[in-house]
Amino acid sequence: MFSLKNYYKTILVDFKYTSCLNFFYESSAMKKGLIKIIEISLKKLGIDPIPPIEIYIPPEESFGDMATPVAMTLSKSIKKPPRKIAEELVNSLKDHSIFEKMDIADPGFINFTFTKDYLYSELKMLIREKSHFLLQNIGRDKRVQIEFVSANPTGPLHLGHGRGAAFGAALSNLLKAAGYKVEREYYINDAGKQVKLLGLSVFARYQQLLGIEYPSPEEGYRGSYIDDIANAIIKEVGKKYSECSFDTASDFFTDFSYKMMLDDIERDLKDFSITFDTYQSERELYKKGDVEKAIDDLKMHGFIYEKDGALWFRATDFGDDKDRVILKKDGEYTYFTSDIAYHRKKMRKGYDKLINIWGADHHGYIPRLKAAIQALGYPKDSLKVLLVQMVTLLRGGKPVQMSKRAGEFVTLREVIEEVGPDTTKFIFLTRRPDSHLEFDLEVAKVRSSENPVFYVQYANARINSIFSHAKEKGIVIEDFNGVDLSMLSLPEEHRLIKNLLLYPVIFESAVNALEPHRITFYLQELAGIFHPYYHNHRVVTDNVELSRARLALCEAIRIVLKDGLEILGLSVPERM
RNA sequence: GCGCCUGUAGCUCAGUUGGAUAGAGCAACUGCCUUCUAAGCAGUGGGUCAGGGGUUCGAAUCCCUUCAGGCGCGCCA
């Protein structure tokens, strides 16, 4: 009988692995193990240098479990036909007990099929050591800060912010699961013209609501939320500021307004299950002298000059299109200036990597910020800016009119209320962030009964239900160790096991590509194998041993589903 | 004019960073609830991967070019 212990021994003997546990838990055993085995065989065959070994899942299930094109890759450099290389490699791998078979396909693909015993042992590992199986220490405790949403507190969140929020949160969860130390931050633009304009817009509305004629600012903010703030102020201070000038009331109105807006935003995010670890205020950067220090720093390094009565930063020294003003001739700083200070502060906190998630409309801003980071003496790629493309909101195929000026737009809150938070998130997370997204309210709503998100969640709920049923029948499993997994002999069961064991492969690729949506697609696939299996075969039957084995399989599925759903920031309902 | 993103089935989107015969969901049509949940299952149809050229064993994927859509090119934020 195959035993895991023997397998470890095989590896120890063959490859002189001093720490086989690392080898197993570092990533997918199936993939990494295979890579290692091939590398060693190639070395034995006298091939040097050994190229990076590519392993992928074959296009047809019948081909095998995993495949490599390495023979083709090598063909040129060692001047041998790919088929010949493949044959030699397969030959040298023959002794390994984990392969049921190895096939060579034209022009030189090698297809590997694992033994069932190997699959069972890996499945057992998944169930027994789930934290090790799921937590792959790719990040090695590196500190990453992810800044996202950071919407100006001058209006409610819209759907575009929602996309950034869903993506940012999922990415944070993903990296955290991958062993990074992740901090999520929201940058509050509470200084500068925009919040002041908000204050003025509210001030005008305040006067109007008190029956005093006062012009709303030309380019000011409108919409019912402005009324809400103005009414809240009336409730708070009554007519205290009626008929006084904006100059004297400016601070109060501005502060009151943006703080109320910020509360709203926080509440919206909370209802979307998005949380942050830290908030950074722009005002605070000025107050604490961070902005001054940043400018001094740049001056010291000689990247600042004066022209036309303003101070300029030599962004062109680092590849930007033009130099940028950091102190205007009217004595005000630009938005960019505080942003330099902000990122300087971030860098000085000692993160290994900064990730900013921005709306794609800000892409033109990247070169100047990266220029600033380099001018401050940090490597260019210490900051990674991920762009999230725009969202077009439709209703029944027709664009919903969005006029910020007229205050007519659909807020994130309204969408969540109409469509539901999980469905909304799922729609965001089934797309690459850089693809333009069409969000049709009618489609999202109509589909909400048959939405893919429920398909995945339902699989988990179903499994819970199976376990309750098993309990009623008197089958309770305290320890899966004693379960005989070789009872799982159906092709569907082997498919499920293989799919589960591939989760770490998908996970790792999602981490490396910074693309949580790969998890979403994987979960749909897993659920798509489980549901038919459930339909065609009963888990709990009179055959107790078989029932126990199938329950173990269900347990493994539940572990992976839950892990994936949690990474995506979706709820995991126990029953539906 | 310059820069960034996108173009894949009727619709919305994936496509393992260059791999084998390009996939899923929705929509359409046909069946299945006396069973551990029908938010489920089984089946059918659907493609010039925007067009053209190139790179190589191999391209939806990389390079060039044309076309189409979106966004950006402030001493605004």
Side-chain angles (χ1 to χ4, degrees), chain A residues 54-60 63 67-69 72-73 75-76 81-82 105-109 111 152 154 189 191-195 197 219 282 307-312 321-322 324-330 332-336 338-339 359-367 387 389-390 392 397 427 430-432 434-440 443-444 446-455 457-459 461-470 472-473 502 505-506 508-510 512-513 515 517-518 520-522 524-525 528 531-536 538-541 547 550 554 575-576:
Chain A
E54 239 183 298
I55 300 288
Y56 67 100
I57 302 153
E60 290 286 328
F63 293 176
T68 182
M72 274 111 78
T73 320
S75 169
K76 200 161 213 179
D106 282 328
F109 295 105
N111 293 318
N152 283 354
T154 54
N189 296 117
K193 269 186 187 155
Q194 294 305 315
V195 279
L197 184 59
E219 295 291 316
E282 184 184 1
K307 193 182 90 178
D308 304 332
L311 280 188
W312 296 71
D321 295 340
K322 42 189 103 167
R324 306 291 173 176
V325 170
I326 56 160
L327 181 61
K328 298 188 267 180
K329 65 178 167 201
D330 66 5
E332 299 267 326
Y333 295 108
T334 63
Y335 174 81
F336 180 45
S338 50
D339 229 15
D361 51 340
H362 290 91
H363 75 262
Y365 194 80
I366 298 172
L387 297 174
Q389 275 293 345
M390 309 279 92
T392 311
I427 289 172
T430 39
R431 274 123 176 117
R432 292 196 332 266
D434 58 359
S435 69
H436 301 259
L437 187 146
E438 292 198 3
F439 195 108
D440 194 312
V443 174
V446 165
R447 282 209 293 187
S448 69
S449 59
E450 289 171 35
N451 197 289
V453 68
F454 298 115
Y455 188 77
Q457 289 172 329
Y458 187 50
R462 247 186 176 165
I463 291 171
N464 288 337
S465 187
I466 294 170
F467 272 93
S468 320
H469 182 255
E472 280 167 28
K473 292 267 176 182
L502 283 177
V505 179
I506 306 296
E508 190 183 9
S509 81
N512 290 334
E515 290 181 351
H517 76 269
R518 297 185 189 210
T520 321
F521 281 88
Y522 169 81
Q524 290 186 82
E525 198 184 323
H531 284 303
Y533 171 68
Y534 167 88
H535 189 262
N536 293 325
R538 289 189 66 82
V539 172
V540 180
T541 61
S547 301
R550 288 186 173 169
C554 286
R575 76 190 55 160
M576 294 170 74

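Naming convention: chains lettered A, B, ... in sequence-line order (proteins, then strands); numbering from 1 in each chain.
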Could you check how far CG of A/Leu437 sits from P of B/A14, rounded to whole Å?
-> 8 Å
Who pairs with B/A38 - Watson-Crick or G-U, where each distance is under 3.5 Å = none
When every non-hydrogen atom of A/Trp312 is compared with those of A/Lys307, the smallest separation belongs to NE1-O, 3.1 Å
Does B/A14 have OP1 or OP2 sitting under 4.0 Å from an N or O in the side chain of A/Ser435?
-> yes
Does B/C33 adopt a syn or an anti glycosidic conformation, taking syn as a chi angle within 90° of 0?
-> syn
Which is true for A/Tyr534 with a 4.0 Å heavy-atom rule: it touches a base, it touches only sugar-phosphate, or it touches nothing?
-> base
Would you name the heavy atoms of A/Glu219 and A/Leu197 that are closest together and state the gap between them?
-> O-CD2, 3.4 Å
Taking atom P in both B/C11 and B/C64, what distance in whole Å separates the two?
-> 30 Å
Scan A/Phe521 against the nucleic acid and name what it touches under 4.0 Å (heavy atoms): base, sugar-phosphate only, or nothing.
-> sugar-phosphate
Quick one: A/Lys76 NZ to B/U55 C1', roughly how many Å, whole number?
-> 10 Å
Taking atom C1' in both B/U8 and B/G51, what distance in whole Å separates the two?
-> 14 Å
Over 12 non-hydrogen atoms of neighbours within 6.0 angstrom of NZ in A/Lys473 = no
Please measure how far the C1' atom in B/U34 lies from the corresponding atom in B/A24, and state the result in whole Å.
-> 34 Å
Do any N or O atoms from the side chain of A/Thr68 and from the backbone of A/Glu54 form a donor-acceptor pair under 3.5 angstrom?
-> yes
Take the protein atom NE2 of A/His535 and the nucleotide atom P of B/U35, then report the distance between them rounded to whole Å.
-> 12 Å
Protein proximity profile, nucleotides 70-77 of chain B - base contact B, sugar-phosphate-only contact S, no contact -, cut-off 4.0 Å on heavy atoms = BBSSSBSB
When you compare B/A77 with B/G25, how far apart are their P atoms, in angstrom units rounded to a whole number?
-> 49 Å
With both distances under 3.5 Å as the test, what is the Watson-Crick or G-U wobble partner of B/U48?
-> none
Determine: side-chain N/O of A/Arg432 to OP1/OP2 of B/G15, distance under 4.0 Å, yes or no.
-> yes
Could you tell me the separation between the CG atom of A/Asn536 and the C1' atom of B/C36, rounded to a whole number of Å?
-> 14 Å
Think A/Arg462 has a side-chain N or O under 4.0 angstrom from the OP1 or OP2 of B/C36?
-> no
5'-most contact on RNA chain B (nearest-nucleotide basis), A/Ala67 vs A/Ser509, goes to A/Ser509
Residues A/Arg550 and A/Arg538: closest non-hydrogen pair is NH1-O, 2.8 Å
Figure out the CD/C1' separation between A/Glu438 and B/C13, and round it to whole Å.
-> 11 Å
ring centroid sep under 5.5 Å plus plane angle under 30, A/Phe109 with B/A20 = yes
Which heavy-atom pair separates A/Gln194 from A/Thr154 by the least distance, and what is that distance?
-> O-CG2, 3.7 Å
Quick note, A/His517 side chain, CB onward, closest among B/U35, B/C41, B/A14 is B/A14
To the nearest Å, give me how far apart CD1 (A/Ile55) and C1' (B/U17) are.
-> 16 Å
Expected rows: protein N/O vs nucleotides 60-63 of chain B N/O, under 3.5 Å:
none

Counting N and O atoms only, with roles assigned by atom type, does the side chain of A/Asp330 sit under 3.5 Å from a partner on the main chain of A/Glu332, one being a donor and the other an acceptor?
-> yes
Taking atom P in both B/G10 and B/G19, compute the distance separating them and give it to the nearest angstrom.
-> 26 Å
Can you tell me how far P in B/G70 sits from the matching atom in B/C13, rounded to whole Å?
-> 15 Å
Would you call the rings of A/Tyr335 and A/Tyr365 parallel, tilted or perpendicular if under 30° counts as parallel and over 60° as perpendicular?
-> tilted
Please determine, for B/U21, whether a Watson-Crick or G-U wobble partner exists with both distances under 3.5 Å, and give it or none.
-> none
Check whether the side chains of A/Glu282 and A/Ser338 place a donor and an acceptor atom closer than 3.5 Å, and report yes or no.
-> yes
Could you work out the separation of B/A9 and B/G46 based on their C1' atoms and round it to a whole Å?
-> 6 Å
5'-most contact on RNA chain B: A/Ala105 or A/Leu387, nearest heavy atom basis?
-> A/Leu387
Looking for any heavy atom pair under 4.0 Å, which part of the strands does A/Asp339 touch: base, sugar-phosphate only, or nothing?
-> nothing
By the Watson-Crick or G-U definition, both distances under 3.5 Å, B/U55 is matched with none
B/C36, B/G40, B/C57: which one has an atom nearest the side-chain heavy atoms of A/Ile466?
-> B/C36
Length of the line joining A/Phe439:CZ and B/C13:P, which is rounded to integer Å = 11 Å
Heavy-atom closest pair, residues A/Gly192 and A/Val195 | O-CG2, 3.3 Å
A/Ala360 and A/Met390 have their tightest heavy-atom pair at N-CE, 3.7 Å
With a 3.5 angstrom cut-off on both distances, give the Watson-Crick or G-U wobble partner of B/C67, or none if there isn't one.
-> B/G7
Using atom P of each nucleotide, how far apart are B/A20 and B/U16 to the nearest Å?
-> 10 Å
Selection from B/A42, B/C13, B/G25 that lies nearest to any side-chain heavy atom of A/Pro532 = B/A42
Taking A/Asp440 for its side chain and A/Gly397 for its backbone only, find out whether a donor-acceptor pair lies under 3.5 Å.
-> yes
Any-strand Watson-Crick or G-U partner of B/C73, both distances under 3.5 Å = B/G1
Between A/Thr520 and A/Thr430, is there a donor-acceptor pair closer than 3.5 Å when you use the side chain of the first and the backbone of the second?
-> no
May I have the distance from A/Arg575 (atom CZ) to B/C36 (atom C1'), rounded to whole angstrom?
-> 14 Å
Syn or anti for B/U17, taking syn as within 90° of 0?
-> syn
